[in-house]
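Have a look at the structure below, then the notes.
Chain naming here is simple, since letters A, B, ... match the order of the sequence lines and numbering starts at 1 in each.
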Amino acid sequence: MYAGGTDLLVRLRKNPVNPFPLVCLGQIKELKGVRESPEGAFIGACSSHASLLSNPIIRYAFPVLAKGLQVLGSPPIRNMGTIGGNICTASPAGDTLPPLYVLDAVLEIRSQNAVRRIAIKDFIVGPGQQRLNKGEILAGIWLKNDPDFNIHHFEKVGQRNALAISVASLSALLKVSESGIIERVRLAWGSVAPTIVSPTNVEAALKGHFLSKDTLQKVMPLLREAISPIDDIRATAAYRRTVAGNILLRLLASFPYKEGYGT
Amino acid sequence: MTVQKNILKVGKAIHRIDARSKVRGAEKYASDYYGQNLVWAGVKRAGIPHARIKNIIIEKTKNLTGVISVLTYRDIHGSNRQGVIRRDQPVLADDKVRHCGDAVALVLAEDQAVLKEALDLIAIDYEPLPGIFSIGKALEQGAPLIHEEHPGGNVLLKGDLKTGRGEAALEECDVVVEGYFTVPYQEHAYLETEGGWALLTEDGHLEITASTQTPFRDLAEVAEALGIERESIRIRAPYCGGAFGGKDGITVQSLLALAALHCQGRPVRMVWDREESFIAGVKRHPGSLHYRLGAKADGTLYALSAEVYYDTGPYDHLGGAILALGLEHAGGPYRIPHASIRGWSVYTNNPVAGAFRGFGVPQVAAAMEQTMDMLAAKLDLSPLEMRRRNAVHRGDKTPLGVTLISSTGLAECLDAVAEHALWKEKERWKASAGSSKKRGVGIACVMHGMGYGPIVPDYANAKIELTKKGAFRIFCGVVDMGQGNASTYLQIAGDILNQDMDHLELVLPDTEKTLPSGSASASRTTYTFGNALIGAAEALKKRILQRSAETCASDPNDGLTMVLRPGSVFHPPTGKEIPLSQIVRMLDESERISVFEFRAPVTQERPTEDENLRLHGIPHRIFSYGVHLAYVEVDELTGKVEAQRYLAISDCGRIINPQVFEQQIQGGIAQGIGYALCEDLVVARGKIQTPNLSTYVIPTAMDIPEMESIAIEKQEETGPFGLKGAGEIAIDGPLPAIANAVADACGVRIFHAPLAAGRVLTALEAKRGGKEVKA
Amino acid sequence: MKISFTLNGKKIRVDVPPDRRVLDLLREDLSLTGTKEGCGTGECGACTILVNGESRLSCLMLAAQLEGCHVTTIEGVSSAKKLHPVQEAFIEHGAVQCGFCTPGAVLAAIDLLQRNAEPTRQDIREALSGNLCRCTGYQKIVDAVQGGSAKLKKGQTS
């Protein structure tokens with residue numbers, strides 16, 4: 001079962017399957033598009049990345065997701081690949097996953113006779129592993145509006161500026177008061193552990209503090225405990241560990257920083 | 001005169017003639033042939049780096065439905081050895097395999113799916129041998145030998161050159177700096193992988209069409225390796241989908257020829273997939289370099305010691321010549337009276353290193369130009385001033401002691417940089433870096449020798465035919481691998497013969513039709529063939545005008561009053577115009593064709609008595625020059641380096657086509673930026689860990705900055721219309737210019753390329769922690 | 001399996017094995033060799049085609065996915081006599097060197113200009129970031145897409 005086929009065909013090239021029991025979901029209309037609901041939006045699992053990127057609901061209500069989509073693969077990959085495929089592939093480097101984690105995405109899973117919902121963090125259990133049972137498909141993603149957040153941040157560290165596989169990434173949603181205090185915060189890192197890391201203790205440690213370099217530096221030890229990066233061909237574990245912390249500091253630049261905050 | 005409007009004049013930015021068919025997708029590359037009754041050929045690769053072959057088990061494969069034939073070294077009746085200088089590479093491995101990509105068996109099948117299955121079924125029984133995976137190991141006493149019969153052991157070529165008092169003069173310097181550098185492999189990553197097709201005709205002719213830079217040389221190699229008469233082989237070389245040196249020498253040719261011999265007259269196709277191209281294709285030599293450079297207190301360079309080690313993999317390919325060119329350029333374009341330059345090109349069981357645009361020079365330029373900046377810093381001179389004080393001028397001697405008797409425009413390049421806004425405004429730009437960013441600016445001076453050197457004859461044979469329809473047919477003897485030389489040839493011929501595109505035709509390299517003219521390489525393609533073409537065109541023009549005058553003009557002795565026009569001959573005094581289609585009837589078949597041979601001049605100086613080094617190309621006579629300038633921004637949080645502006649000022653003589661020239665410069669810079677920043681072929685125990693374009697990262701359109709190219713158009717007296725080579729020089733500059741810019745930005749130098757984010761971040765952190773770093 | 005789709009303006013019906021890649025269908029079965037294979041894994045963009053006007057990688061598609069679609073390959077962009085303005089601009093701006101990435105880059109550019117008639121240089125770089133080129137350094141390709149944009153605009157007003 002596949003949607004866009006951008007990962008599947010690469011794998012088939014190495015290990016052809018015979019016979020060929022492939023089902024393509026890509027052309028089922030009901031699985032495509034974004035529907036607005038009073039609380040938020042429902043995204044059809046077979047919506048292509050490009051279609052979401054140009055969708056006004058996604059752009060305005062969920063900019064952190066749009067920012068992740070913006071740097072996913074390349075334009076043709078974004079035309080072909082789907083958000084459902086990105087979720088079910090369950091790669092820790094999947095660019096839509098950290099945004100979906102901070103948005104507390106809930107997945108709608110359908111089988112012939114049943115519908116169930118599951119939070120994305122409970123759905124993905126390991127690299128390439130998710131809780132999709134036989135006979136089930138991922139139908140779509142529920143996202144809740146949360147206009148409270150005033151920082152929508154996404155950064156992907158890759159080996160080049162396009163066509164890159166994330167070496168580390170950070171999604172962040174923050175509500176920072178006018179006086180610079182972090183009132184709410186959601187954080188998720190990609191590519192630094194077998195699954196996306198969204199450590200509640202780091203979030204809790206930031207809450208109530210000034211958004212400052214000092215504050216961010218103080219949570220670094222907690223963060224470094226929460227992640228378990230590996231060495232691979234793209235980066236060393238040590239690099240990922242350092243950068244996962246460093247890119248948190250970029251939040252300083254995404255808020256209209258005023259002299260004296262947190263000092 | 002309106003009729004003159006479309007004449008292909010030298011100096012004009014004429015649109016390349018191959019562009020039209022290429023934008024339509026109509027151009028047929030070597031890999032675009034499928035044809036009727038096609039056989040698919042594929043290669044079983046060794047998979048292990050060093051082993052004796054005990055048995056190749058092919059029975060199962062042979063019995064598979066759809067398999068036509070399985071061939072091994074036993075089916076080869078020639079020398080089974082190919083190579084450019086040392087023929088040390090088997091077509092199909094016989095006694096042993098020497099790297100993971102060695103070809104062991106060749107399978108012919110009815111279709112692609114069967115071929116894949118068949119290749120998987122072949123089993124090879126090996127007796128593993130200890131592998132050599134580093135230069136250090138290869139040079140150890142008692143190291144296992146990769147070629148037992150090679151008198152130099154694991155050293156393919158060694159060079160030891162000395163001028164003046166050599167490194168001993170370092171003691172007389174006021175300031176000396178020292179650096180150990182490493183440079184990585186680089187993959188050509190042309191979009192078109194190695195491939196082609198072949199056919200054994202009914203009359204026993206072997207016809208090969210391949211993506212190659214060297215059809216004539218290939219022909220000789222194929223004949224010898226397979227034991228076939230040269231006369232029965234024909235090789236055609238269509239436009240390559242990129243080559244950059246990686247198709248300078250045999251890739252698929254011998255295998256395709258062997259396959260065709262076993263296909264009962266059916267056409268056979270072989271195209272390597274991307275992984276196979278990585279595993280079996282050649283790469284730029286990785287190396288380590290130890291430099292010591294000394295100057296007097298006033299900034300005058302005085303002494304150099306350079307030690308250069310290149311890992312050539314298990315086969316020569318061109319690894320000796322590449323080392324030699326590296327040694328010749330090791331001291332850069334400077335006056336250095338005393339130098340010791342030593343180098344080793346070493347056999348290992350790593351991937352095969354071979355020709356790649358730059359040919360051994362980017363490595364030494366990286367070391368030399370960074371050492372220059374280190375020395376400038378110690379002397380408190382600006383990098384530009386340091387270079388201006390030491391730049392070579394015409395008549396000076398190179399660090400090898402060879403007099404520069406040809407055009408030398410480095411000083412003009414440096415002057416142009418000094419006057420350029422990017423140089424003048426650099427401090428302001430650096431000061432305006434955003435938060436968490438550091439900015440730096442770096443320069444590098446480069447020179448690049450042209451042609452084959454003093455021994456190997458660098459010649460070309462141009463041929464032009466006046467067709468019966470009155471057009472000029474140019475027989476292009478040198479491959480156009482994408483650089484546009486075929487188009488430039490038409491421009492040269494058009495200029496001399498006063499013709500437009502409608503009256504010019506092109507025949508691409510074909511050993512049966514075009515004449516031997518050497519390789520498309522060594523920055524010599526347009527220089528050497530262009531000169532030959534001028535000779536051929538001038539002779540044909542003279543003959544046509546003379547004959548026209550004799551036949552139809554008032555004064556038969558004065559061919560000079562006649563002029564060529566597109567498709568015709570014109571006599572201004574009388575206003576008479578005769579179509580060339582009519583003139584052609586006055587010429588004998590043999591007179592319609594003009595052939596001219598040009599042989600590139602060589603220098604008579606002998607900086608070394610080592611005949612082997614001379615054979616490998618030392619020294620050159622004509623050099624191009626360049627100064628590169630890079631603006632970089634470093635992200636302190638990630639270590640990521642971005643090239644943001646780039647300037648290249650080049651002396652490549654006069655420019656025949658400014659657009660084609662700029663293509664070469666911009667393309668070279670982009671490839672050089674990849675080499676400097678992100679391209680890293682990782683090899684572990686002889687095995688490539690990054691065998692695809694997902695893990696071997698080349699720049700995208702988002703990674704290359706806007707580039708500016710300026711040509712100092714200095715006349716080279718021996719060049720066609722004053723031209724010098726331009727194909728390689730642009731790749732020599734980016735790594736050192738960017739490394740110098742990163743050092744400028746970060747205040748710490750990174751001695752190991754590529755300057756990938758991880759290395760830069762480590763260096764930044766160590767600096768913050770107050771430690772000295774070795775990245 | 002039998003599939004029907006529109007190829008370069010003509011309806012066609014083909015019988016292909018279920019694991020046939022679109023790239024092989026086009027090149028080998030239909031002789032449309034303007035679509036190139038550079039990597040086979042979606043990294044280089046040489047095999048770009050337009051499906052319902054959008055750029056797609058034909059090496060990552062199975063033929064069955066074309067059912068009912070409108071497919072444009074480089075051969076369908078122009079006739080031998082009259083080039084597409086983007087193709088003309090590629091020639092004029094020197095955006096073509098070895099030419100192997102060119103068909104894919106031209107199609108990606110056409111896709112971009114349909115959505116964004118006046119892209120900035122940065123827009124162009126982003127839109128063509130899935131089309132690797134090893135010869136040009138991209139600058140002249142960016143020039144050409146800007147040139148193509150101007151030509152199309154001129155064509156519309158005249």
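Per-residue counts of heavy-atom pairs under 4.5 Å with chain C were compared for B:G484, B:A189, B:G242; the largest is that of B:A189. Ranked by non-hydrogen atom pairs under 4.5 Å with chain B, the options C:T73, C:L83, C:L32 are led by C:L83. With chain C as partner, the option from B:F244, B:Y239, B:Y190 having the largest number of non-hydrogen pairs under 4.5 angstrom is B:F244. Among C:S78, C:C98, C:G34, the residue with the largest count of heavy-atom pairs under 4.5 Å with chain B is C:C98. Between chain B and the residues C:E92, C:E75, C:E37, C:H93, the largest count of heavy-atom pairs under 4.5 Å involves C:E92. Among the candidates C:I124, C:I74, C:D24, the residue making the largest number of heavy-atom pairs closer than 4.5 Å to chain B is C:I74. Considering only heavy-atom pairs separated by less than 4.5 Å from chain C, the leading option among B:G482, B:A113, B:A670 is B:G482.
The parts of B:M707 that come within reach of chain C are both its backbone and its side chain, each placing non-hydrogen atoms under 4.5 angstrom from that chain. Using a 4.5 Å cut-off between heavy atoms, B:P699 contacts chain C through both its backbone and its side chain. Residue contact with chain B, scored on non-hydrogen atoms closer than 4.5 Å, is absent for C:H84. Contact annotation for C:E88: neither backbone nor side-chain heavy atoms come within less than 4.5 Å of a heavy atom of chain B. Only the side chain of C:T102 comes within contact range of chain B, with at least one heavy atom under 4.5 Å from a heavy atom of that chain. Of the atoms belonging to B:A26, not a single heavy atom falls under 4.5 Å from chain C. Contacts between B:D480 and chain C at a heavy-atom distance below 4.5 Å are absent for every atom of the residue.
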Please report the C-alpha distance between B:R20 and C:Q87 in whole Å, then the side-chain angles of each, then the deciding distance to 0.1 Å, and finally whether the side chain to side chain contact (heavy atoms under 4.5 Å, CB included) criterion is met. CA-CA 8 Å; B:R20 192 180 167 88; C:Q87 292 174 310; over 6 Å; no
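C:R134 places a side-chain N or O within 3.5 Å of a backbone atom of B:H188 that can act as its donor or acceptor partner. Distance alone, capped at 3.5 Å, is enough to place a donor-acceptor pair between the C:R125 side chain and the B:I704 backbone.
Looking at every heavy atom in both residues, B:T193 comes nearest to C:G38 through CG2-O, 4.4 Å. In terms of heavy atoms, C:C44 sits closest to B:L693 at CB-CD1, 4.1 Å.
Using a 4.5 Å cut-off between non-hydrogen atoms, the part of residues 135-144 of chain C that approaches chain B consists of C:C135, C:T136, C:G137, C:Y138, C:Q139, C:K140. At a heavy-atom cut-off of under 4.5 Å, chain C is reached by B:S31, B:D32, B:Y34 from residues 31-39 of chain B, listed in order of number. Of residues 51-58 of chain C, no residue lies under 4.5 Å from chain B by any heavy-atom pair. Chain C is approached within less than 4.5 Å, heavy atom to heavy atom, by B:Q659, B:E662, B:Q663, B:Q664, B:Q666, B:G667 from residues 659-667 of chain B, ordered by number.
Aromatic ring centroids of C:F100 and B:Y29 lie under 6.0 Å apart.
Here B:R274 does not pair with C:E43 in a salt bridge; the nearest charged N to carboxylate O distance is not below 4.0 Å.
Counting non-hydrogen atoms of neighbouring residues, nucleotides and ligands closer than 6.0 angstrom, the CZ atom of B:R266 exceeds 12 such neighbours.
Distance check, rounded to the nearest 0.5 Å: CD1 of C:I91 to CD1 of B:I17 gives 11.5 Å. Note that CG of C:L132 is 4.5 Å distant from CD1 of B:I698, once rounded to the nearest 0.5 Å. B:M702 contributes atom CE, which lies 4.5 Å from atom CD of C:E126 (distance to the nearest 0.5 angstrom). For the atom pair C:C39 SG and B:N692 CG, the distance stands at 8.5 Å (nearest 0.5 Å).
Between B:D18 and C:V96, every side-chain heavy-atom pair lies at or beyond the 4.5 Å cut-off.
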